[in-house]
Amino acid sequence: MDPVELQKAIVEKLMNVIDPETGADVVRMRLVQDISIDSSGKISYIFRPSSPLCPIAIPLALGIIKAIKEVPGVTGQSITVVDYVQSDVLNVLLKSVLEE
């Protein structure tokens with residue numbers, strides 16, 4: 001799939017991932033940033049929770065991963081959590097989830 005079309009499909013899918021505290025999607029809240037796609041269809045992106053102590057950072061990250069995984073043409077993904085109090089721990093956890 002064309003990288004531009006793939007990115008468009010990813011953004012559309014992410015618009016269905018809703019932050020239950022605000023009722024807004026993660027795209028509108030700009031929680032997913034710097035989406036890049038390599039030639040094989042692997043996606044890399046940054047997840048920036050709405051606050052450093054965001055109580056729903058883990059469920060939101062898992063929802064984002066699930067949504068991206070459902071997009072046809074995505075062969076893999078890499079998420080990096082930033083500006084979160086336990087970003088190091090969460091990055092390790094999410095990496096293990098993606099390796100399953």
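If you're wondering where the values come from, they're calculated on a predicted model, not measured in any experiment. All residue numbers in this chain count up from 1 along the given sequence.
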Starting from the C-alpha separation in whole Å, work towards a yes-or-no answer on side-chain contact (heavy atoms from CB on, under 4.5 Å) for Leu98 and Ser78.
CA-CA 8 Å; Leu98 288 168; Ser78 172; 5.6 Å; no
For residues 69-76, tabulate all N or O donor-acceptor pairs below 3.5 Å that involve a side-chain atom, not counting sequence neighbours.
{"from": "Glu70", "atom 1": "OE1", "to": "Lys13", "atom 2": "NZ", "distance (Å)": "3.1"}
{"from": "Glu70", "atom 1": "OE2", "to": "Lys66", "atom 2": "NZ", "distance (Å)": "2.9"}
{"from": "Thr75", "atom 1": "OG1", "to": "Ser40", "atom 2": "O", "distance (Å)": "2.9"}
{"from": "Thr75", "atom 1": "OG1", "to": "Gly41", "atom 2": "O", "distance (Å)": "3.4"}
{"from": "Thr75", "atom 1": "OG1", "to": "Lys42", "atom 2": "N", "distance (Å)": "3.2"}

Might you point out which heavy atoms bring [X] and [Y] nearest each other, and give the distance in Å?
X	Y	value
Ser50	Asp19	OG-OD2, 4.3 Å
Tyr84	Ser51	CD1-O, 4.0 Å
Phe47	Ala57	CE2-O, 3.5 Å

Would you say [X] and [Y] are hydrophobically clustered, going by side-chain heavy atoms of ILVMFWY under 4.5 Å?
X	Y	result
Val17	Ile56	yes
Leu60	Val89	no
Met29	Val11	yes
Ile64	Met15	yes
Leu14	Val97	yes

Just verifying a value: how many Å separate [X] [atom1] and [Y] [atom2], rounded to the nearest 0.5 Å?
X	Y	atom1	atom2	value
Ile79	Ile46	CD1	CD1	10.0 Å
Asp34	Ser44	CG	OG	10.5 Å
Ile37	Leu6	CD1	CG	4.0 Å
Leu93	Asp88	CG	CG	12.5 Å

Any side-chain heavy atom of Ile10 within less than 4.5 Å of one from Tyr45?
no
Do Leu94 and Ile58 have side-chain heavy atoms sitting under 4.5 Å apart?
no
Just to verify, what does Asp83 make a salt bridge (charged side-chain N to carboxylate O under 4.0 Å, His left out) with, not counting sequence neighbours?
Arg48
Would you find a donor on one side and an acceptor on the other, under 3.5 Å apart, between the side chain of Gln77 and the backbone of Ile65?
yes
Asn91 side chain to Val81 main-chain N or O, any donor-acceptor pair under 3.5 Å?
yes
